[in-house]
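Structure, as structure tokens:
Counting starts at 1 for both ligands and their atoms, following the listed order. If you're wondering where the values come from, they're calculated on a predicted model, not measured in any experiment. We count residues from 1, following the sequence as given.
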Amino acid sequence: MKYFSLGPVEMFPHTLKVAKKQVPYFRTSEFSEMMLESEKLLKKCINAEDDDRVVFLTASGTAAMEATVFNIFTTYDKLLVIDGGTFGHRFVQICETYKIAHDVISLKFGECLTPEKLDEYRGNNYTGLLVNIHETSTGQLYNIKMLSEFCKSKNMYFVVDAISSFLADECNFSKYGIDAAILSSQKGLALGPGMSFIILSQKVVNKRIAKNEPLSLYFNFNDYIKNQKNGQTPYTPAVRIAYELNDMLRYIVYKEGGVEVRLNNIQSDVNEFRKRICVCNAEIPDYPLSYAVTPLLFNKRGINAEDVYMKMRYEHGITLTPCGGELKEIMVRVGHIGCHTHSDYELLLNALEKVIGKCTN
Ligand SMILES: *Cc1c(COP(=O)(O)O)cnc(C)c1O
């Protein structure tokens, strides 16, 4: 089976080698040194400063989204949330759960987040913005520069779920004045699921997190920040994933030549794929797309997207990412994150051509 999925994704051979080793005991200086190195390398990959902090959380991405919100904000805040699909909607649900006042910019499927749309909210007072910079359910990539400038001009905390964007699109913590960037192990990093990593600005740590008293023991970021100063976590982390992470970060920084090389490789593969898929019976949406995914739309071609997913998986051994809800029958997503060779792309394109056929007009 080949995975062109969106998490878990096709893993790299060097990760699989790490994954099959004995999980070591971790309250040791060796583990601490490794975690401190991972912090350094992760900050390098996302361009964070030495004084920024990293929380290594053993939890899925949603838990990291939720914990980030309640460690930074309280019921005294008012937030602006971009809701352009499943993951944006999750941030709305988190605000509702914690009774944090919020306005929602709701985007219908296919609708772009334009400067005009954002400007409608400029007159209101908000303390923070919550956005999934790549809304994975549709593939739309929002304009980070526009959102960053909006937050700066209104003195708002800028919280970016970059879970499905990191290592596919440019993700620059310092350049865009991000206060919290949320990453997860099973997406661009192509590791097993189970850990999330939250990069926090010095400002949000000092002015917010250090002063808040969230009603949670396990998810209190202050404990993680304090422990990570010594390369440790307050509770048992997913030790295996921590080793996979260190191996992957070392691979990107020291073997591949840095995060720019990784981005160039994935982006050139994606551009080539999008150029070649054009001859097939599928449409690519016209909103700005993340390089993590190519959504294929079939509604105008009379093809059922669920059938495409099933045939690709059970007749060709290739797992794409199906859609849920209203998109279930009209769209499938080709995930580009993870380990894909050029011959994997040949297999993918040949199989897609067989399943959906060539475009006749
Ligand atoms: C995958 C993903 C998550 C995390 O989902 P979990 O299933 O909780 O790990 C969060 N946000 C985005 C944008 C994602 O793509």
Between [X] and ligand 1, does any nitrogen or oxygen pair lie at a separation below 3.5 Å?
X      : answer
Ser60  : yes
Lys187 : yes
Ala63  : no
Ser184 : no

Residue and atom name of the nearest protein heavy atom (relative to [atom]), distance in Å to one decimal:
atom                    : answer
atom 10 (C) of ligand 1 : Ile163 CD1, 3.3 Å
atom 11 (N) of ligand 1 : Asp161 OD2, 2.6 Å
atom 4 (C) of ligand 1  : Gly61 CA, 3.6 Å
atom 3 (C) of ligand 1  : Phe87 CE2, 3.5 Å

When you measure from the side chain of Glu326 to the backbone of Phe109, do you find a donor-acceptor pair of N or O atoms at a distance under 3.5 Å? no
Open item on the list: Keeping Glu283 on the side-chain end and Leu297 on the backbone end, is there a donor-acceptor pair under 3.5 Å?
Closed with: no
Which atoms of ligand 1 sit under 4.0 Å from any heavy atom of [X]?
X      : value
Gln186 : 9 (O)
His134 : 13 (C)
Ser164 : 13 (C), 15 (O)
Thr62  : 4 (C), 5 (O), 6 (P), 8 (O)
Thr136 : 12 (C), 13 (C), 14 (C), 15 (O)

Are [X] and [Y] close enough that a side-chain donor and a side-chain acceptor fall under 3.5 Å?
X      : Y      : result
His316 : Asn350 : no
Arg90  : Thr62  : yes
Ser165 : Ser290 : no

Ring centroids only, cut at 6.0 angstrom: are [X] and [Y] within range, meaning strictly under it?
X      : Y      : result
Tyr176 : Phe158 : no
Tyr218 : Tyr235 : yes
His336 : Phe4   : no

- request: Evaluate the criterion ring pair (Phe, Tyr, Trp, His ring centres under 6.0 Å) for residue pair Tyr243 and Phe26; output intermediate values, then yes/no.
  value: CA-CA 11 Å; Tyr243 275 91; Phe26 74 103; over 10 Å; no
contact_flag Met65 ligand 1 heavy-atom lt 4.0 Å
yes
